[in-house]
Asks: 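Mind looking over this structure? Questions follow.
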Amino acid sequence: MRKHAFDPLAKMMATVHEHGEGVLIAVKGAPEAVLAATTRVAVGNGEVALDDTMRAEWLSRADRLGHDGLRVLACATRIDQVADAAPYDRLVLAGLVGLEDPARADVPPAIQDCRQSGIRVVMVTGDHVVTAKSIGRAVGLGENVSNVMEGKNIRQMIETGQPALQDIGIFARVTPDEKLALVRTYQAAGEIVAMTGDGVNDAPALRQADIGVAMGLRGTDVAREAAAMILLDDAFPTIIKAIHEGRVIFANIRRFVAYLLSCNLSEVLAVGLAVSLALPLPLLPLQILYLNLVTDVFPAFALAMGEGEEGILKRPPRDPKEPILGRRQWITIVLHGAALTAGTFGALAASAWLALDARSTVTITFLTLAFAQLWHAFNMRDPRSPLLVNEVTRNSWLWGALLLCATLLAVPPYLPSAADLLQLAPPSSEMWLIVIIFSVVPLIVTQAGSAVVGWIARVR
């Protein structure tokens with residue numbers, strides 16, 4: 001047997017088989033292409049000539065099958081004496097085949113999630129226009145179903161510069177070259193393009209796309225090698241799950257980096273201002289190291305384990321050029337660091353007012369800043385999220401980290417060896433009252449500011 005691979009331009013493929021003293025050429029492909037290459041049609045008693053009227057009737061039958069959501073193939077044959085004869089010529093139509101490939105039930109909700117996430121879904125297929133429309137309705141493309149363009153018109157659209165990309169939801173009868181041209185055109189328009197595919201013909205477009213997504217189960221090796229991501233279950237909703245996880249991971253990275261920087265900034269400001277103003281040092285070197293090992297590490301790790309805000313997919317995509325920390329994040333870091341520093345100096349002033357000795361004073365300022373940094377983890381919620389039930393308060397890892405760190409801060413002052421090492425005095429109830437008040441005040445102030453920012457964001 002000899003095989004003529006599928007020709008995207010001819011939209012047909014053929015196989016050649018031995019048949020008596022000659023060969024049998026079997027052809028399948030797009031109905032309009034096969035019908036254009038046929039001259040006769042098989043009937044019960046033999047063959048009859050295929051005229052224009054009959055050809056139109058067969059095309060109408062193909063359209064009706066396509067309206068039912070079937071992928072339609074036309075089949076034709078020819079008996080020849082030469083094995084290497086041109087396969088797509090003087091064919092005898094055998095009939096039409098309708099293949100049912102229903103959309104999975106989880107695809108329409110996934111497309112709806114894409115819309116809510118600011119992601120536009122476009123169908124690019126080699127199927128007939130009628131079939132593409134039917135499938136588009138089945139998967140929930142909605143208003144985009146009525147806007148269909150055939151692949152043969154894509155080049156003209158690109159060359160004439162027609163601003164039609166945003167109006168077209170389905171591209172039908174598209175060749176591999178046209179898929180590649182589409183991806184490049186979207187990119188030239190400033191879009192970030194994700195392309196899914198499973199065949200060899202999809203490889204160029206998968207490689208060109210910003211994110212090529214190949215099918216892991218039925219995808220070819222070429223498609224998988226060209227893609228940036230491979231779906232192990234071949235399920236479109238998995239892409240949405242990946243987008244969700246990506247947004248959560250980015251938000252968590254931004255959250256714990258902002259937390260670490262604001263905590264470290266508060267320590268620098270506390271020591272720097274005390275030195276410049278000739279005040280008693282609120283922190284000693286070993287105490288700073290202890291803070292970096294305790295209050296910085298465990299809460300930051302816990303913040304990185306967050307499951308994300310509710311409705312994170314309903315927010316528009318961020319600019320891919322946006323840094324982890326933008327202007328708003330840096331302003332927030334400075335303000336949070338200043339609030340933590342102010343709480344520390346408030347505790348320092350209260351210690352001076354009570355005329356405490358130097359060791360008791362540094363104990364109060366150390367514990368105040370340390371606990372203020374722990375409570376500062378609650379400032380890492382999104383300003384648009386609720387105050388009490390949000391992505392931070394739902395994080396069980398964070399509650400465990402806060403309990404561990406609070407223990408590691410409260411116990412050492414009462415252990416003689418640890419207290420001598422860190423230059424701490426056992427706090428009295430009066431000292432604990434100062435620590436609690438001035439460690440909570442920065443949280444109250446920053447949460448009030450976040451509430452105002454969140455209200456402004458919701459109003460906008």
Side-chain angles (χ1 to χ4, degrees), residues 1-102 124-138 148-154 170-179 198-201 218 220:
M1 182 185 75
R2 180 181 176 184
K3 180 178 179 180
H4 295 268
F6 178 77
D7 186 343
L9 296 178
K11 297 184 176 65
M12 291 181 286
M13 67 162 292
T15 55
V16 181
H17 310 264
E18 293 182 1
H19 181 75
E21 296 181 358
V23 294
L24 171 67
I25 301 175
V27 176
K28 67 177 180 179
E32 64 272 19
V34 174
L35 284 166
T38 56
T39 57
R40 302 180 69 80
V41 59
V43 295
N45 298 324
E47 301 173 0
V48 297
L50 183 67
D51 56 21
D52 290 342
T53 301
M54 293 182 63
R55 186 175 284 108
E57 290 178 357
W58 281 101
L59 288 173
S60 178
R61 292 170 184 171
D63 284 345
R64 289 197 296 271
L65 292 173
H67 275 296
D68 295 333
L70 300 178
R71 288 186 166 93
V72 186
L73 294 176
C75 300
T77 61
R78 188 180 86 236
I79 296 177
D80 207 308
Q81 301 299 318
V82 183
D84 58 355
Y88 310 127
D89 186 29
R90 298 176 289 108
L91 298 174
V92 178
L93 181 65
L96 300 175
V97 176
L99 304 175
E100 185 177 13
D101 185 13
V124 182
T125 177
D127 288 331
H128 192 274
V129 172
V130 176
T131 303
K133 284 185 176 182
S134 179
I135 296 174
R137 284 190 292 268
V148 182
M149 176 177 287
E150 288 196 63
K152 62 185 179 182
N153 298 322
I154 292 176
I170 299 176
F171 293 89
R173 286 290 188 242
V174 180
T175 66
D177 289 342
E178 291 161 352
K179 288 182 182 180
D198 58 4
V200 174
N201 294 332
R218 66 176 184 271
T220 61

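All heavy atoms count here, side chains included; hydrogens, waters and symmetry mates do not. For clarity, every value in this text was computed on a predicted model and none was experimentally measured. Numbering of residues begins at 1 and proceeds along the displayed sequence.
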Asks: Once salt bridge (charged side-chain N to carboxylate O under 4.0 Å, His left out) is applied, do any residues pair with E47, and if so which ones, sequence neighbours excluded?
Replies: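 Only R40 meet the salt bridge (charged side-chain N to carboxylate O under 4.0 Å, His left out) criterion with E47.
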Asks: Under 3.5 Å, side-chain donor or acceptor atoms of residues 23-32 against the rest of the protein: list the pairs with distances, not counting sequence neighbours.
Replies:
unit_1: E32; atom_1: OE1; unit_2: R173; atom_2: NH2; d: 3.2
unit_1: E32; atom_1: OE2; unit_2: R173; atom_2: NE; d: 2.5
unit_1: E32; atom_1: OE2; unit_2: R173; atom_2: NH2; d: 3.3

Asks: Any chance you could lay out the side chain to side chain contact (heavy atoms under 4.5 Å, CB included) test for W58 and T38, step after step, and finish with the verdict?
Replies: CA-CA 12 Å; W58 281 101; T38 56; over 6 Å; no
Asks: How would you list, by chain and number, every residue that makes a side-chain hydrogen bond (donor to acceptor under 3.5 Å, both in side chains) with R2, sequence neighbours excluded?
Replies: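 Counting only residues at least two positions away or on another chain, R2 forms no side-chain hydrogen bond (donor to acceptor under 3.5 Å, both in side chains).
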Asks: Of all heavy-atom pairs between A74 and L93, which one has the smallest distance, and what is that distance?
Replies: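 Where A74 meets L93 most closely, the heavy atoms are CB-CD1, 4.4 Å.
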Asks: Once you round to the nearest 0.5 Å, how far does CG of L35 lie from CG of L59?
Replies: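 Those atoms lie 5.0 Å apart.
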Asks: Are I170 and I135 close enough, and set up right, to give a side chain to side chain contact (heavy atoms under 4.5 Å, CB included), and what steps lead you there?
Replies: CA-CA 10 Å; I170 299 176; I135 296 174; over 6 Å; no
Asks: Report yes if the side chains of P87 and V16 come closer than 4.5 Å at any heavy-atom pair, otherwise no.
Replies: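 Contact flag for P87/V16 side chains = no.
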Asks: T53: what forms a side-chain hydrogen bond (donor to acceptor under 3.5 Å, both in side chains) with it, not counting sequence neighbours?
Replies: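 For T53, no residue satisfies side-chain hydrogen bond (donor to acceptor under 3.5 Å, both in side chains) once neighbours in sequence are set aside.
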Asks: For T175, what residues pass the side-chain hydrogen bond (donor to acceptor under 3.5 Å, both in side chains) criterion, not counting sequence neighbours?
Replies: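 With neighbours one apart ignored, the set is E178.
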Asks: Given side chains that start at C-beta, do those of P176 and K179 come closer than 4.5 Å, heavy atoms only?
Replies: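 No; the side chains remain at least 4.5 Å from each other.
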Asks: Are the side chain of Y88 and the backbone of A10 linked by a donor-acceptor contact shorter than 3.5 Å?
Replies: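 A pair under 3.5 Å: no.
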Asks: Test of understanding: with side-chain hydrogen bond (donor to acceptor under 3.5 Å, both in side chains), list the residues that count as partners of T77, not counting sequence neighbours.
Replies: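 Partners of T77 under the side-chain hydrogen bond (donor to acceptor under 3.5 Å, both in side chains) test: none.
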Asks: How would you list, by chain and number, every residue that makes a salt bridge (charged side-chain N to carboxylate O under 4.0 Å, His left out) with D52, sequence neighbours excluded?
Replies: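 Applying salt bridge (charged side-chain N to carboxylate O under 4.0 Å, His left out) to D52 gives R55.
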Asks: Taking only residues two or more places apart in sequence or in another chain, which ones pass salt bridge (charged side-chain N to carboxylate O under 4.0 Å, His left out) with D80?
Replies: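 Only R78, R90 meet the salt bridge (charged side-chain N to carboxylate O under 4.0 Å, His left out) criterion with D80.
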Asks: Could I get the full list of side-chain contact (heavy atoms from CB on, under 4.5 Å) partners for V129, not counting sequence neighbours?
Replies: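 If we apply the side-chain contact (heavy atoms from CB on, under 4.5 Å) test to V129, skipping adjacent residues, the hits are K133, V148, E150, A172.
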Asks: Which residue in the set N201, I154, T125 passes side-chain contact (heavy atoms from CB on, under 4.5 Å) when paired with V174?
Replies: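 The single option meeting the side-chain contact (heavy atoms from CB on, under 4.5 Å) with V174 is I154.
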Asks: Could you go through the side chain to side chain contact (heavy atoms under 4.5 Å, CB included) check for V72 and H128 one step at a time?
Replies: CA-CA 8 Å; V72 186; H128 192 274; over 6 Å; no
Asks: Sequence neighbours left out, what pairs pass salt bridge (charged side-chain N to carboxylate O under 4.0 Å, His left out) with at least one residue falling in residues 58-73?
Replies: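 Listed by first then second residue: R71-D101, R71-D127.
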Asks: Just grab all the side chain to side chain donor-acceptor pair (under 3.5 Å) pairs involving residues 8-19, residues at least two apart or on different chains.
Replies: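 Only T15-H17 qualify under side chain to side chain donor-acceptor pair (under 3.5 Å).
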Asks: Nearest 0.5 angstrom please: L73 CG to M12 CE, how far?
Replies: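 One gets 12.5 Å once the value is rounded to the nearest 0.5 Å.
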Asks: Excluding sequence neighbours, so at least two apart, what forms side-chain contact (heavy atoms from CB on, under 4.5 Å) with E100?
Replies: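 E100: side-chain contact (heavy atoms from CB on, under 4.5 Å) contacts with L70, P102.
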